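In what follows, a single structure is set out as structure tokens and then discussed.
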Amino acid sequence: YQTFDGDLKWNNKDVTYRILNYSPDMESSLIDDAFARAFKVWSEVTPLTFTRLYDGTADIMISFGKANHGDPYPFDGKDGLLAHAYPPGEGMQGDAHFDDDEFWTLGTGPAVKTRYGNSDGAMCHFPYTFDGKTYTTCTTEGRTDDLPWCSTTADYDNDKKFGFCPSELLYTIGGNSNGAECVFPFVFLGETYNGCTTEGRSDGYRWCATTNNFDQDKQFGFCPSRDTAVIGGNSEGEPCHFPFTFLENTYTSCTSEGRSDGKLWCGTTASYDKDQKWGFCADRGYSLFLVAAHEFGHALGLDHSNIQDALMYPMYKYVETFSLHEDDVEGIQYLYGPNPDTKPPKPTTTPSPPGPTPETEPTEEPTRKPTIPTTPHPVDPSADACQMEMFDAITEIQGKLHFFKDGQYWKMTGKDHKGLKGPYPMADMWPALPAVIDTTFEDHLTKKIYFFSGTRFWVYTGQNVLGPRTIEKLGLPSTLSRVEGAVQRGKGKVLLFSGENYWRLDVKAQIIDKGYPRYTDLVFGGVPTDAHDVFLYKGHTYFCRGRFYWRMNSRRQVDRVGYVKYDVMKCP
Amino acid sequence: WCKPLKSVFVTFPGDVIKNMTNKELAEQYLKRFGYLNVMQKTGLQPAVSASKALKRMQRQMGLEETGRLDETTIDAMKQPRCGVVDVRN
């Protein structure tokens, strides 16, 4: 997982949201429900609660829009970009926008909720049979008032359960008419209209007057999309006209002819060649719930993950039974912590056979004796840390900064060089280690100290040591010659640096997390990619090259470049 | 025997997505999602080659890192996705 620079997050636990408008693709109650379920995905694993506001400014303002919709990032028509959201903060930050040139569904085709009839607002059941014939869409068959309807069970003939489908003849959305139905014909700017229109609007939304004269009464509403309507093109909301002619061929169903992207389309009049009226045919659409859950992840502070099964992976994939990936859970809990009211889920995988767990799977027995003799290295008691050009490794152990060089180490006990104690022989404290180490870190949770040298590593718990083990055991590539830096990140995670890459180690599981390596300069911009040591000190990440260091703050900004000797050790 | 259809591509009025070549699509994708034109201290400049940008995109998407505009990569670029950039500058 990734968070935004500086770990942007909400400081309040009760986050508010407001739905500013609705897509004509789904009944508003379905949209409300999809958003509520999407928020629940996150509130189940964090201490956050989400409260809906109906007016005023909420933390997360949700809206549907097309193409240029009022921010610097226009949408791109059907497919492609589906939605975007901003990380937490004031103003537009935290807001989520959904591209209304998409066909928004629950992921498996038109989601049609009925009104009236005798089914209490149940969903249409497609397909259904009526009068011995099978229907896969709402129909006006059997009625004289042109209102589309559907059966809410598979067999209308037997069950007689039905409801009315979205139609401008039944109701409108938004506007100022409190959901009243369209009145046709109506007059707008002196012209007469017999159906919904996009005239007079720049956002492409279809509307109608709810009295017979808009010029006079100014009463209007937006038209809900019928399930048989085309999407996008230049006939949004119109049904396909079958048969239609295209380049002098006749088509009785949707076709991808004429398009290089393979998308199905149809003419909405008898002749495309003559009228050039067309739109995309309804498909499975995109699950508003899944896309919203992803976008709300951004709105809460999560950036894109590169785990393909994670919700925060940037590409859309429909899943029927959704559950939050552990990468998403770790990410959101890194920002907000776990939900104290939620018990840990029962394991869903087959239990492992009894035996050593990764944490207790040493290839070597714990021992107080060194398994590899330390290369004898004389320690000159008068050696001054301030005379060193550079160090093999620097890290904070038990709150004190330690400097390692050629089998000896110093620790800084005060604020300046006067507090530098040492040198001490490494062999006295950590006898199993070779003289030269590449990096080291203390695990904040267990206080175990990890040392890396070449392709091997050791783990010290007090005076007990595990190792050496090869770094391949951690899931690092066999081609890696050394680990050059280590930075603790959150609980039980450590970033390991080498060359231009870094990996995230799950210290408890003793394995590199999925989705790594990543390029260091993509996340830690402005630091040298050939740093020979990286360490964490007082909340800052230090990248060392030679005598110099680049210091990065928690917002991942390089806020200082200086000398290790003068600025960190405070040497005279 | 079926006679192969001779497809003719037309420009549909009101179509937002225009027919574009794979190279154009890739360039637009890499720019839009932050893989190209990384902000440097000296200003906005193409700090990475197209090949490196492609490798980064392939790594982010869990594809084989070939650094080439292969079919898998083009397919991935055509998939529906979130509009938030992958690489922040």
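Quantities reported herein were computed from a predicted structural model and do not represent experimental measurements. The sequence lines fix the lettering, A, B, ..., with proteins before strands; numbering per chain opens at 1.
- If you check the side chains of His97(A) and Asp71(A), you find a donor sitting under 3.5 Å from an acceptor.
- In this structure, chain B has no heavy atom under 4.5 Å from any part of Gln2(A).
- Tyr286(A) and Tyr318(A) have their aromatic ring centers separated by at least 6.0 angstrom.
- Ring centroids of His294(A) and His84(A) are separated by 6.0 Å or more, keeping the two rings apart.
- Each of Phe4(A), Trp278(A), Tyr316(A) has some count of heavy-atom pairs under 4.5 Å with chain B, and the biggest count is that of Trp278(A).
- Contact count against chain B (heavy-atom pairs under 4.5 Å) is highest for Asn234(A) among Asp99(A), Asn234(A), Val291(A), Val523(A).
- Options Gln79(B), Met77(B), Gln60(B), Lys78(B) differ in how many heavy-atom pairs under 4.5 Å they form with chain A, and the most are formed by Gln60(B).
- Looking at Ser235(A), there are no atoms closer than 4.5 Å to chain B (heavy atoms on both sides), in backbone or side chain.
- Between Tyr29(B) and Arg81(B), the side chains place a donor N or O and an acceptor N or O closer than 3.5 Å (distance only, hydrogens not considered).
- Ranked by heavy-atom pairs shorter than 4.5 Å toward chain A, the options Cys82(B), Gly83(B), Ala76(B) are led by Cys82(B).
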Note to self: Could you go through Lys52(B) and Glu500(A), starting from their C-alpha distance and side-chain angles, then the distance that decides it, and tell me whether this counts as salt bridge (charged side-chain N to carboxylate O under 4.0 Å, His left out)?
What the structure shows: CA-CA 13 Å; Lys52(B) 194 165 183 184; Glu500(A) 59 177 7; 3.6 Å; yes
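- For the set Arg59(B), Met61(B), Lys55(B), Arg32(B), the entry with the most heavy-atom pairs within less than 4.5 Å of chain A is Arg59(B).
- The part of Phe280(A) that comes within reach of chain B is its side chain, from C-beta onward, which places non-hydrogen atoms under 4.5 angstrom from that chain.
- Between Glu27(B) and Lys31(B), at least one side-chain N (NZ, or NE/NH1/NH2) sits under 4.0 Å from a carboxylate O, which counts as a salt bridge.
- When heavy atoms are compared at a cutoff of 4.5 Å, Gln308(A) approaches chain B solely by way of its side chain, counted from C-beta outward.
- For a residue to count as touching a neighbouring chain, one of its non-hydrogen atoms must lie under 4.5 Å from one of that chain's; by this rule Ile307(A) does not touch chain B.
- Using bins of under 30°, 30° to 60° and over 60° for the plane-to-plane angle, the ring pair Phe98(A)/Phe296(A) lands in the perpendicular bin.
- Chain B forms the most heavy-atom pairs under 4.5 Å with one residue out of Gln276(A), Arg518(A), His298(A), and that residue is His298(A).
- Asp100(A) has no carboxylate O lying under 4.0 Å from a charged side-chain N of Lys66(A), or vice versa, which leaves the two without a salt bridge.
- Contact annotation for Tyr73(A): neither backbone nor side-chain heavy atoms come within less than 4.5 Å of a heavy atom of chain B.
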